[in-house]
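Following: one structure in structure tokens, then a few remarks.
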Amino acid sequence: MYQKILIRYGELTLKGENKKDFIQQLKKNILMYIPKEEVKAEYDRAFVNYSEKNLENLKYVFGISSYSPVYEVSSDLAAIENVVTNIIKEKEFGSFAIDARRHNKNFHMTSAELNMYFGGVVLKNTENKTVNLKTPDLRIYIEIRDKNTYIFTDYIYALGGMPVHSSGKTLHLISGGIDSPVAAHLLQKRGLKVVFLNFITPPHTDKATTDKIDQIIDVITKYQGEATLFQVNYTKLMNYIGLVSNQKYKITLMRRSFYRIANKIAQKYNIKAISNGENLAQVASQTLESIYTISEVCTIPVFRPLLSFDKNETIKIAEKINTMPISIQKACETCELFAPRNPVTKPSREEAHRLEEELNLLDSLEDEAIENMEIKHYLINN
Ligand code: ATP
Ligand code: MG
């Protein structure tokens, strides 16, 4: 039976202060899933107590490059040998290799000597096994540390990236589509904690729409422990913008309004970036001219992690993280209902300004929408 899970950190090139912050944040994040007394974070690795549940939960922690269930014994030759002979009894294999590392230079055998010795132990206790250093069926890793030695056979590859929240927060525009949940996941990967913003337009959108958003956020919350959603009722604003004289600009004006609202909320909550699931040239509102005209209203950076993705690349990730089955559920979306038959694909800033002057209640309606938005909290249930 394993005693521990050995956790290896991602981004090992980090140094000094950055590395300290990285480890501290990673430890904090691990504690969202695993009780404090079961976690020990060191300078170059961490350990948690072994359990199936802990093994499962580590799948959701960004900043870990890989982990291994390990046997922990005192750094004593007989104790190590005992574990190695047990491992070879349990495992089926034809060829094997020993990968021993002596980190404790006071240990009386070198790494090479340890490899020879334990190779001999395996051959002595088995029949018809061969040594294969390149592609063995079974590789037994032996790490001799100061007090303890860690013995393991498996590397489990983890999410990599940076610990969530080590890069701050982003206000992420989330819809029930395929793209924005995947974008949220990729932002988490670079250490951003995602705060969600969603626009609904009841009665055009209904419970099926908000249920979808809840389900999507539940999935993404698993990777960051908890999440907040600002849900803005956009019906009044949608109807108001619908009155504009140039109907081709409806979507452009609505998007500018989305981002003005996002910008205000981000400032109010001290969030330093806005993000979305946009993809260059995918639809009318995502041409360069559209992005140029729309993002003008933001005074903070707008991140678009999917900008250069092909749809099938996005779908692959949506399937991997399990948002795909939710995203394809049928529900009315805010934008679909509002889109004019032939929206402008190259909107200009000048025309947008002119039309916004017509809509002189826009600012106050936006403030009112922020005032009345619903704030929801999500927690992982593990
Ligand atoms: P998605 O699959 O993420 O909806 P999409 O390819 O369908 O993306 P659009 O519907 O044009 O593209 O939306 C572009 C981006 O605008 C979305 O990725 C999302 O970030 C944001 N967005 C769209 N609708 C909403 C909404 N109702 N509330 C909040 N953000 C939205
Ligand atoms: Mg969409």
Side-chain angles (χ1 to χ4, degrees), residues 165 167-177 179-188 190 192-201 205 209-210 213 216-217 220-221 224 227-238 240-241 249-280 282-283 285-286 290-307 333-336 338 347 349 352-353 355-356 359 361-378:
H165 216 168
S167 304
K169 293 186 200 172
T170 180
L171 184 63
H172 189 65
L173 276 80
I174 190 94
S175 76
D179 296 345
S180 45
V182 171
H185 183 78
L186 295 175
L187 293 158
Q188 287 178 316
R190 291 322 295 169
L192 285 164
K193 182 167 180 177
V194 178
V195 179
F196 295 97
L197 171 61
N198 172 242
F199 296 95
I200 48 171
T201 47
T205 60
T209 316
T210 51
I213 297 295
I216 284 170
I217 295 178
I220 295 164
T221 300
Q224 61 176 40
T228 301
L229 165 67
F230 300 118
Q231 199 156 46
V232 174
N233 184 327
Y234 199 77
T235 310
K236 236 189 201 176
L237 274 154
M238 185 176 82
Y240 185 60
I241 292 173
Y249 266 71
K250 270 175 24 179
I251 290 282
T252 305
L253 295 175
M254 181 169 89
R255 297 258 171 200
R256 282 171 61 95
S257 162
F258 276 9
Y259 285 91
R260 264 194 305 271
I261 291 173
N263 207 61
K264 276 193 183 158
I265 296 173
Q267 269 163 356
K268 184 168 168 190
Y269 289 89
N270 197 22
I271 299 171
K272 299 202 170 61
I274 293 170
S275 50
N276 60 38
E278 279 175 358
N279 186 273
L280 191 61
Q282 193 181 71
V283 291
S285 62
Q286 298 178 24
S290 262
I291 293 174
Y292 174 79
T293 296
I294 292 162
S295 54
E296 173 194 30
V297 303
C298 292
T299 56
I300 60 175
V302 179
F303 293 149
R304 298 175 180 82
L306 301 188
L307 190 82
E333 293 266 352
T334 298
C335 305
E336 282 167 9
F338 191 61
R349 287 183 176 182
H353 295 174
L355 295 170
E356 278 168 3
L359 303 170
L361 294 179
L362 215 44
D363 251 355
S364 58
L365 286 177
E366 284 166 2
D367 286 340
E368 186 188 314
I370 295 173
E371 196 86 0
N372 296 328
M373 72 188 172
E374 194 181 343
I375 303 179
K376 294 189 189 173
H377 296 285
Y378 299 76

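For the pair Y249 and P347, the tightest heavy-atom approach, listed with the atom from each and the gap, is OH-CA, 3.2 Å. Here the shortest heavy-atom pairing between T221 and A227 reads OG1-CB, 3.4 Å. Considering every non-hydrogen atom in both T293 and A352, the closest pair reads CG2-CB, 4.1 Å. Between P305 and N276, the shortest heavy-atom contact is CD-O, 3.6 Å. Minimum heavy-atom separation, T252 to I294: O-CG1, 4.1 Å. In this structure, L306 and A183 approach most closely via the heavy-atom pair CG-CB, 4.0 Å.
At a threshold of 4.5 Å between non-hydrogen side-chain atoms, the residues I220 and I216 count as touching. Taking the side chain as every heavy atom from C-beta outward, Y234 and I241 approach each other to under 4.5 Å.
Between the side chain of T205 and the backbone N or O of I200 there is no donor-acceptor pair closer than 3.5 Å. Checked by atom type and distance alone, the side chain of E333 never pairs as donor or acceptor with a backbone atom of S175 at under 3.5 Å. Under a 3.5 Å cut-off, the side chain of N263 and the backbone N or O of C298 do not form any donor-acceptor pair. Side chain of R349 to backbone of Y292: a donor-acceptor contact under 3.5 angstrom is found.
We find the NZ-CG distance between K272 and L192 to be 11.5 Å, quoted to the nearest 0.5 Å. Interatomic distance, Y259 OH to I300 CD1, rounded to the nearest 0.5 Å: 11.5 Å. We find the CZ-CG distance between R304 and N279 to be 11.0 Å, quoted to the nearest 0.5 Å. A distance of 7.5 Å separates NZ in K376 from CD1 in I217, rounded to the nearest 0.5 Å. Between M373 atom CE and N233 atom CG the span is 12.5 Å, to the nearest 0.5 Å. Between atom NZ of residue K193 and atom OG of residue S167 there is a gap of 13.5 Å, rounded to the nearest 0.5 Å.
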Applying side-chain contact (heavy atoms from CB on, under 4.5 Å), run through I291 and L280 and close with a yes or a no.
CA-CA 9 Å; I291 293 174; L280 191 61; 4.0 Å; yes

For L237 and L362: C-alpha separation, side-chain torsions, deciding distance, then whether side-chain contact (heavy atoms from CB on, under 4.5 Å) applies.
CA-CA 7 Å; L237 274 154; L362 215 44; 3.8 Å; yes

Before giving the answer on side-chain contact (heavy atoms from CB on, under 4.5 Å), spell out for E296 and R256 the whole-Å C-alpha distance, their side-chain angles and the decisive distance to 0.1 Å.
CA-CA 8 Å; E296 173 194 30; R256 282 171 61 95; 2.7 Å; yes

Please evaluate residues F199 and L173 with respect to the criterion side-chain contact (heavy atoms from CB on, under 4.5 Å), reporting the C-alpha separation (whole Å), side-chain torsions for both, the decisive distance (0.1 Å), and the verdict.
CA-CA 8 Å; F199 296 95; L173 276 80; 4.1 Å; yes

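N198 pairs with exactly one of Q231, E374, H172 by the side-chain hydrogen bond (donor to acceptor under 3.5 Å, both in side chains) rule, that one being Q231.
Checked against a 6.0 Å centroid threshold, the rings of F196 and Y378 do not count as neighbours.
Looking at Y269 and T228, their side chains never bring a donor and an acceptor atom within 3.5 Å of each other.
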